[in-house]
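Taking it in order: structure first as structure tokens, then the write-up.
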Amino acid sequence: MDDQTRMMTGLTGLGGLAQADVGDPDSVRKQQSLGQPQQDIGDILQQIMAITDESLDEAQARKHALNCHRMKPALFSVLCEIKEKTVLSIRGVQEEDPPDPQIMRLDNMLLAEGVSGPEKGGGSAAAAAAAAAAGGSPTDSSIEHSDYRAKLAQIRQIYHSELEKYEQACSEFTNHVMNLLREQSRTRPISPKEIERMVAIIHRKFSSIQMQLKQSTCEAVMILRSRFLDARRKRRNFNKQATEVLNEYFYSHLSNPYPSEEAKEELAKKCGITVSQVSNWFGNKRIRYKKNIGKFQEEANLYAVKTAVDAANVSAQASQANSPATPNSESLDTYPSCSSFRPQTPS
DNA sequence: CCTAATGATTCGAC
DNA sequence: GTCGAATCATTAGG
């Protein structure tokens, strides 16, 4: 008990850590059970206290002596343990939290947009598809496309350079702190675990900064995208030839105006538009025709005649010697109820 | 400027 | 996935 009080008086003024050290019943028990080495510990602590009053050279020498002391590792680990129990247990509770759903969402979006991930990846492909669906002349869509791509590349570049900056700063800072702590661990009870934890704390801080970057990048992409989508709505009417081809198909298949995938592809190629535009066109055409058959009567007759003439020409060429060409009466049908679709046209 | 036409989008049903 | 239907947004024509 004598030594205990001596230690306590020696320690007064060391601050919170020292208070905690002696206050912890565990530490008291440990120190008491050490028996003889208590003397050594007391001495060491006295010496530590005295260091502040000494000259730099003296202190340095003393520090070295302390570091070489046989009891140093034991004392060090005890102090680390106590510190662990008191201070760090409070701070280190919320570590290893699962990946933030928000940051995962942001990551996924950036990946999907082609901002993060492999160079010139899916994002530009998506943009290409969107641009292709934009319609109008091919030059127009490619202009929009390249515009979008350029803007996206710009965002991408900024994102990556910022990210790199952050990562560099993070690793620099981490190294700095680690070196500092390692250096200090020679005179302060700092366990490797604590250093590890500190690194984790730093990384958390930096990743929260990264999340802000990701968030603002996502916003930028969204704005770009919405602008692009707005641009997409700036439609162009199809050219006359394309409309003609589509109408021809529609009125010659009036009984079943549902082109197959192959037929759509064929029409798309002929008209210089995309398959989805062909689908849109037929969707619109069907509903609008059905809504007002009368209005489309004239148009229907026109195309019926046209296909009839074409068919007549073809059949005349094909079977000149065969028989007196019979005009294709079916294709002249203008009412869906009368016309019957069959794949009779020589293709 | 008003209106019809038209290409694209969205939504619910299948 | 496609389809019909309603709707939006732009274009074209008067």
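In what follows, chains are A, B, ... by sequence order, proteins preceding strands, each numbered from 1. A quick note: this is a predicted structure, and the numbers were derived from the prediction, not measured.
No more than 12 heavy atoms of other residues, nucleotides or ligands sit less than 6.0 Å from atom NZ of A:Lys270.
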Q.
side chain to side chain contact (heavy atoms under 4.5 Å, CB included) for A:Glu265 and A:Val278? Distances and angles first, verdict last.
A. CA-CA 8 Å; A:Glu265 276 167 28; A:Val278 172; over 6 Å; no
Q) Stepwise, does the side-chain hydrogen bond (donor to acceptor under 3.5 Å, both in side chains) test hold for A:Asn284 with A:Arg286? A) CA-CA 6 Å; A:Asn284 283 322; A:Arg286 280 192 299 267; over 6 Å; no
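C:dT2 atom C1' lies 15 Å from atom CD of A:Glu262, rounded to whole Å. In this structure, A:Ile287 places its CD1 atom 13 Å from P of C:dC3, rounding to the nearest Å. One can place CG of A:Asn284 at 12 Å from P of C:dC3, the figure rounded to the nearest angstrom. Residue A:Asn280 contributes atom CG, which lies 5 Å from atom P of B:dA8 at whole-angstrom precision. Atoms OH (A:Tyr289) and P (C:dC3) sit 18 Å apart, rounded to a whole Å. Between the NZ atom of A:Lys290 and the C1' atom of C:dA6 there is a distance of 13 Å, rounded to whole Å. Distance NZ (A:Lys240) to C1' (B:dG7): 19 Å, rounded to an integer number of Å. One interatomic measurement links the two molecules: CZ of A:Phe250 to P of B:dG7, which rounds to 13 Å at whole-angstrom precision.
Classification of A:Glu194 and A:Arg197 as a salt-bridged pair fails, no side-chain N sitting under 4.0 Å from a carboxylate O.
A 4.5 Å side-chain heavy-atom check between A:Leu246 and A:Phe238 finds at least one atom pair inside the cut-off.
An OP1 or OP2 oxygen of C:dG4 is reached within less than 4.0 angstrom by a side-chain nitrogen or oxygen of A:Arg286. Contact between the side-chain N/O atoms of A:Tyr258 and the OP1/OP2 oxygens of C:dG1 is not found at any separation under 4.0 Å. OP1 or OP2 of B:dG7 has not a single side-chain nitrogen or oxygen of A:Gln277 nearer than 4.0 Å.
A:Tyr289 and A:Phe296 have tilted rings, their planes meeting at an angle from 30° to 60° on a 0 to 90° scale. Ring pair A:Phe282/A:Tyr249 is perpendicular by interplanar angle, where above 60° counts as perpendicular and below 30° as parallel.
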Kindly give the atom pairs (protein nitrogen or oxygen, nucleotide nitrogen or oxygen) under 3.5 Å for nucleotides 4-6 of chain B.
from	atom 1	to	atom 2	distance (Å)
B:dT6	O2	A:Arg235	NE	3.0
B:dT6	O2	A:Arg235	NH2	2.6

